[in-house]
Student: 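Questions regarding the structure given below will be posed in turn.
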Amino acid sequence: MAANSRLRGDQALTDGQFALADAIELALESKPASVLWTVSGIARKIGGPQDPVDLRRVLAWMEEHVYVISNGRGGCWRRYGRRH
């Protein structure tokens, strides 16, 4: 396993996924908290090639750990916003 893909203790994300979570948080902070983002909108804001499965996994982890909120809709129409 590469150093940047090593899991941190009992955390569910790799180092690379934590970096992705930081990039997502910065992207969400670029607009008011009331703005809800689609997964593809977040990927465009972050830039570069993004693995949609990895992006959704990180967003799910962020939602579970209350870093982001969601409107609760499923599938590709789920929208995310920053918590505060």
Side-chain angles (χ1 to χ4, degrees):
M1 193 180 280
N4 65 348
S5 65
R6 193 171 355 116
L7 292 176
R8 292 182 175 183
D10 62 351
Q11 299 295 322
L13 299 181
T14 64
D15 288 346
Q17 290 170 329
F18 273 108
L20 181 57
D22 289 341
I24 291 169
E25 193 168 9
L26 287 174
L28 296 180
E29 288 176 352
S30 71
K31 293 195 177 182
S34 60
V35 173
L36 294 177
W37 298 69
T38 61
V39 174
S40 61
I42 292 169
R44 280 192 302 276
K45 182 69 176 179
I46 292 171
Q50 301 295 331
D51 177 7
V53 173
D54 204 31
L55 192 58
R56 282 188 174 93
R57 176 186 164 108
V58 171
L59 283 165
W61 182 89
M62 291 177 79
E63 185 176 12
E64 182 179 321
H65 290 84
V66 198
Y67 290 100
V68 298
I69 58 171
S70 171
N71 69 347
R73 295 175 68 187
C76 62
W77 299 108
R78 193 171 191 106
R79 295 178 182 269
Y80 295 90
R82 62 189 173 123
R83 189 71 181 143
H84 301 284

Student: With rounding to the nearest 0.5 angstrom, report the CZ to CD1 distance, Arg56 to Ile42.
Tutor: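 Reported value, rounded in 0.5 Å steps: 10.0 Å.
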Student: How long is the straight-line distance from CG of Leu28 back to NZ of Lys45, given to the nearest 0.5 Å?
Tutor: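 Here the rounded value is 10.0 Å.
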Student: At what distance, to the nearest 0.5 angstrom, does CH2 of Trp61 lie from CD of Gln17?
Tutor: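 Going from the CH2 atom of Trp61 to the CD atom of Gln17 covers 10.0 Å.
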Student: Roughly how far, to the nearest 0.5 Å, is the CG atom of Leu20 from the CD atom of Gln50?
Tutor: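 It is 5.5 Å, given to the nearest 0.5 Å.
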Student: Considering non-hydrogen atoms only, spot the tightest contact between Ile46 and Ala27 and give its length.
Tutor: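 Taking Ile46 first and Ala27 second, the nearest heavy atoms are CG1-CB, 4.4 Å.
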Student: For Met62 versus Ala21, what's the shortest heavy-atom pair and its separation?
Tutor: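 Between these two residues, the closest heavy atoms are CE-O, 3.7 Å.
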Student: Is there a continuous path of hydrophobic side-chain contacts, each under 4.5 Å between heavy atoms, that joins Leu26 to Val35?
Tutor: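 Hydrophobic grouping puts Leu26 apart from Val35.
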